[in-house]
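This report refers to the structure that appears directly beneath it.
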Amino acid sequence: MSSNIPTPLTPDEFDEIDAILDDLRSRFDETPQWEFCEGFMAALVVSRRMIPVSEYLPVLLDTGDSENAGDLGAFADAAQQARFMVLWERRWADVAQGLSNDVKSLDEDGAYHPEVMDVRGAVAALPEEERAAMAEEVLPSFAQVWAVGFMYAVESWPEEWTAPRDKEAQKWLDGALEAIVALTEDDTEPPTLAVFDDEGPASVSEKRFNDFADAVWAVYDLRELWRNIGPRVETVRKEALPGRNDLCHCGSGKKFKKCHGA
């Protein structure tokens, strides 16, 4: 295997990163679940500007004061922080590779496969007593947390998602974001599919499953859009000069046309 191809995280390594997030949550209760992080990461990978780690990680996690190398934020120690970053960077490389591959179907091995959970399906598969104990809990729909994480990144850097001037590109951007926003809504259609277990109870509607596919293709579209348009160019505004009959800015008391405007 080529050394340029990232090594995907194993199921045990996804469990490990979940455990790190759980531990962070014991000190910083706003630490999100991995599915949220997964959506957040996807948005950063396809963002118009390559946002550096030092800028985005404090938005996602309590990672301490970036100007103080000794401040670990909610991380237990430097070893935990380093291990999280190793796992994070490997997943980032895998996501970026999947989104750069020329795929014709999302079923292909090389396609981007978001790491999402079917919480409703997992609960529906529990024994009746355990399921009854969770009856009052509000469970997220399939891929809902992923979509919320994606849009959180978009909303955190709105300047990087400003619509381009080109009308066709505007439609492309709006359509892609609308596909992802649709997943932030609840799945209210009758469940007909068991996404991860053909023998499991139905927990996802066919419409939701199709909307999920549309959202993943939308991520591909966003990557292609910003790659074609290129990074934002900051507008340079020249300082306005005084009129020729105005007093000169140098303070001489002369008119501009008789002084620096001569």
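Because the structure is predicted, anything quoted here is derived from the model rather than measured.
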*asked:* Using 0.5 Å steps for rounding, measure from the CD1 atom of Ile20 to the CE atom of Met85.
replied: 11.0 Å
*asked:* So, taking the atom named CG in Leu222 and the one named CZ in Arg227, what distance separates them when rounded to the nearest 0.5 Å?
replied: 13.0 Å
*Might you point out which heavy atoms bring Asp118 and Ser203 nearest each other, and give the distance in Å?*
OD2-OG, 2.6 Å
*Please walk me through it: do Leu61 and Leu21 pass side-chain contact (heavy atoms from CB on, under 4.5 Å)?*
CA-CA 9 Å; Leu61 305 173; Leu21 291 172; 4.1 Å; yes
*Taking all non-hydrogen atoms of both residues into account, name the closest pair between Glu55 and Arg49 and its distance.*
OE2-NH2, 3.0 Å
*Identify the heavy atoms of Ala218 and Ala179 that sit nearest to each other, and give their distance.*
CB-CB, 4.0 Å
*Counting N and O atoms only, with roles assigned by atom type, does the side chain of Thr162 sit under 3.5 Å from a partner on the main chain of Pro158, one being a donor and the other an acceptor?*
yes
*Dump the intermediate steps for side-chain contact (heavy atoms from CB on, under 4.5 Å) on Ser141 and Glu185, then the final yes or no.*
CA-CA 8 Å; Ser141 299; Glu185 303 295 332; over 6 Å; no
*Looking only at heavy atoms, which two atoms of Gly200 and Ala194 are closest? And how far apart?*
O-CB, 3.5 Å
*Do side-chain atoms of Gln170 reach the backbone of Arg165 as a donor and acceptor pair under 3.5 angstrom?*
yes
_Spacing of CG belonging to Asp18 relative to CG belonging to Asp15, to within rounding of 0.5 Å_ = 6.5 Å
*Decide salt bridge (charged side-chain N to carboxylate O under 4.0 Å, His left out) for Arg27 and Asp29; before the verdict, give the C-alpha distance in whole Å, the side-chain angles of both, and the deciding distance to 0.1 Å.*
CA-CA 6 Å; Arg27 291 178 292 277; Asp29 60 9; over 6 Å; no
*Do Phe28 and Val145 belong to the same hydrophobic cluster, where Ile, Leu, Val, Met, Phe, Trp and Tyr are linked whenever their side-chain heavy atoms lie under 4.5 Å apart, directly or via other members?*
no
*For the side chain of Tyr220 and the backbone of Tyr112, is there at least one donor-acceptor N/O pair under 3.5 Å apart?*
yes
_Trp34 and Trp88 aromatic ring geometry - parallel, tilted or perpendicular at 30°/60° bounds_ = perpendicular
_Results of salt bridge (charged side-chain N to carboxylate O under 4.0 Å, His left out) for Asp214 - residues two or more places apart only_ = none
*Taking the side chain as every heavy atom from C-beta outward, state whether Trp92 and Leu44 have any pair of such atoms under 4.5 Å apart.*
yes
*asked:* Hydrophobic clustering (ILVMFWY, side-chain heavy atoms < 4.5 Å, transitive) - are Phe84 and Val86 grouped together?
replied: no
*Determine the interplanar angle of the Phe40 and Phe36 rings, folded into 0 to 90°, and report it as parallel if under 30°, tilted if 30 to 60°, perpendicular if over 60°.*
parallel
*asked:* Just checking Asp77: does its CG atom have more than 12 heavy atoms from other residues, nucleotides or ligands closer to it than 6.0 angstrom?
replied: yes
*Could you check whether the rings of Trp146 and Phe150 sit parallel, tilted or perpendicular, using 30° and 60° as the cut-offs?*
tilted
*Before giving the answer on side-chain contact (heavy atoms from CB on, under 4.5 Å), spell out for Arg25 and Gln33 the whole-Å C-alpha distance, their side-chain angles and the decisive distance to 0.1 Å.*
CA-CA 9 Å; Arg25 203 169 294 112; Gln33 299 290 337; 3.6 Å; yes
*With no hydrogens and no angle check, is any side-chain donor or acceptor of His113 less than 3.5 Å from a backbone partner on Leu106?*
yes
*Can you spot which of Glu16, Glu38, Glu13 makes a salt bridge (charged side-chain N to carboxylate O under 4.0 Å, His left out) with Arg91?*
Glu38
*Relative to each other, are the rings of Trp226 and Trp161 parallel, tilted or perpendicular (30° and 60° limits)?*
perpendicular
_Check whether Asn101 reaches the backbone of Gly110 with its side chain - one donor and one acceptor, N or O, closer than 3.5 Å._
yes
*If you take all heavy atoms of Val181 and Thr184, which pair is closest and at what distance?*
O-OG1, 2.5 Å
*Of Val219, Ile51, Leu99, which is the lone residue that meets side-chain contact (heavy atoms from CB on, under 4.5 Å) with Val45?*
Leu99
*Separation of Leu225 CG from Leu177 CG (nearest 0.5 Å)*: 9.0 Å
*For Asn210, does the CG atom sit with more than 12 other heavy atoms under 6.0 Å from it, leaving out its own atoms?*
yes
*Any chance you could measure Leu9, atom CG, to Phe14, atom CZ, to the nearest 0.5 Å?*
4.5 Å
*Residues sharing Val119's hydrophobic cluster, by side-chain heavy-atom contacts under 4.5 Å among ILVMFWY, directly or via others?*
Met117, Val123, Leu126, Met134, Leu139
*Any donor and acceptor pair, going by atom type alone, linking the side chain of Arg208 with main-chain N or O of Leu183 inside 3.5 Å?*
yes
*Kindly say whether Glu168 contributes a backbone atom to a donor-acceptor pair with the side chain of Asp166 at under 3.5 angstrom?*
yes
*What are the two closest heavy atoms between Ala215 and Ile180, and how far apart are they?*
O-CG1, 4.0 Å
*Gap between atom OG1 of Thr7 and atom CD of Gln97 - 0.5 Å precision*: 11.5 Å
*Considering only heavy atoms from C-beta outward, does the side chain of Glu115 approach that of Met41 to under 4.5 Å?*
no
*Glu224 atom CD, over 12 foreign heavy atoms within 6.0 Å*: yes
*Could you walk me through whether Asp187 and Phe212 pass the side-chain contact (heavy atoms from CB on, under 4.5 Å) check?*
CA-CA 11 Å; Asp187 181 9; Phe212 174 61; over 6 Å; no
*Are the side chain of Ser47 and the backbone N or O of Ala43 linked by a donor-acceptor pair below 3.5 Å?*
no
